[in-house]
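Down below is the structure, laid out as structure tokens.
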Amino acid sequence: MESARHEPVAGTLLEDEDPESHVGEAVDFDLFDHEDHAEPEPAAEDPAGLRAAYHLAPTLKVLRDEVDRRWPKRDRTSDGWIGDAAHQGTRSDHNPDADNGSVNALDIDRDGIDPMLVVRRCIVHPSTQYVIFDRTIWSRTRNFAAARYTGSNPHDRHLHVSVSHDRALEASTRSWGIADAVVPKLGDRVLRRGSTGSDVRELQTLAGRLGGDLVVDGDFGPRTETWVRDFQKAQRLTVDGVVGAQTLAALRAATAPAPPSAGRQPGSRTVRRGSTGEDVAFVQRFVGERRCGPATGSFDAKTESGVRWYQGMRGITVDGVVGPVTWRQMGVRVTY
């Protein structure tokens, strides 16, 4: 939401006014599939006279710090916590508590992070009361079963986390498990409809290299399942829409890069904008034509953009340069 920020400015949309009254039908949302920085100074303008009278709940500071450590270059445009004038007098966790001035809501911009990783970690943390993201709400009152959120703000630019008003829970310094969370890689588990996560994004990226027109969103929905079934049929495999060992092996074989030219082995040097060679073509094929364009072997602006997307998705430094860390994330042995 744009009306809750790190410091008070004008806004209009109220995103969590009595959120429990904006719950729609249950959503089939499989989160797991078998498987904060220094506090900002208040703005100069303080019409409500709240300067130094409110603070972000300590447990949310821990959450924000862990998100920042994992994705230091993430977009913060839609971040926020303290409500503006539009929130005053409403039932909103973005307003300071009357008893101790604690603000128990935090908004985190979705761009540059893995939002579903954050959602998964939030709903298992004892301080969380509810999470809203992309028209979906997970609430402790419903044992965090996903349901459609019907409020006026769809929360599609950020995710909203509200924590308990219990003194001990809002002051908790317990880790949220985000900074060092291990995310699944393709092949770690069997994927099927309903699966979500970074390994699903890898699957969708591979599909893109084979001409599949899929959104790389990490959500194994009906379009992804249809593509998998079509691929299995073409490969004369069991057509079940499930990505197990045989389907994955066929995918790997179908997307395997051509042998590199001598002297330009992937992992033998750092490549960046302006580099040329078979190792650059390998990067372009690995990230996929949808992000990098055709595998020309010339490291251009589109290739750099694709590399930045891949680095952000893998949770490593986003600089658009393929060095040792990025090579290793691609499963390449570094030889320099």
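Counting begins at 1 with the first residue of the sequence. The figures that follow rest on heavy atoms only: side chains count, while hydrogens, waters and symmetry mates do not.
We find the OG1-CG distance between T77 and D109 to be 5.5 Å, quoted to the nearest 0.5 Å. Remark: D240 CG to E225 CD distance equals 9.0 Å, nearest 0.5 Å. We find the CD-OG distance between E170 and S162 to be 12.0 Å, quoted to the nearest 0.5 Å. Annotation: the span from W227 atom CH2 to Q232 atom CD amounts to 9.0 Å, rounded to 0.5 Å.
Side-chain contact between R252 and L206 is present, with heavy atoms from C-beta onward closer than 4.5 Å. When side chains are defined from C-beta on, R142 does not count as touching Y130, because their heavy atoms never get closer than 4.5 Å. Counting heavy atoms from C-beta on, the side chains of K73 and T317 come closer than 4.5 Å. Side-chain contact between R174 and T59 is absent, with no heavy atoms from C-beta onward closer than 4.5 Å. The shortest distance between side-chain heavy atoms of I178 and W71 falls below 4.5 Å. With contacts defined as side-chain heavy-atom distances shorter than 4.5 Å, the pair L63/I108 qualifies.
No more than 12 heavy-atom neighbours from other residues, nucleotides or ligands sit within 6.0 angstrom of CG on D180.
Counting only distance, with no hydrogens or angles, the side chain of R121 and the backbone of W176 share a donor-acceptor pair below 3.5 Å. Under a 3.5 Å cut-off, the side chain of Q329 and the backbone N or O of G315 do not form any donor-acceptor pair.
Ring geometry, H155 versus Y149: the interplanar angle exceeds 60°, so the pair is classed perpendicular (tilted spans 30 to 60°). Classified by interplanar angle (parallel below 30°, tilted 30° to 60°, perpendicular above 60°), the ring pair H94/H160 is perpendicular.
Ion pairing of K302 with E289 is absent here, as no side-chain N (NZ or NE/NH1/NH2) approaches a carboxylate O to less than 4.0 Å. Ionic pairing of R308 and E304 is present here: one or more N-O contacts between side-chain nitrogen and carboxylate oxygen are shorter than 4.0 angstrom. D319 and R272 are not joined by a salt bridge, as no carboxylate oxygen comes within less than 4.0 angstrom of a charged side-chain nitrogen.
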**Intermediate values then yes/no, side-chain hydrogen bond (donor to acceptor under 3.5 Å, both in side chains), T326 and Y310** = CA-CA 9 Å; T326 304; Y310 176 75; over 6 Å; no
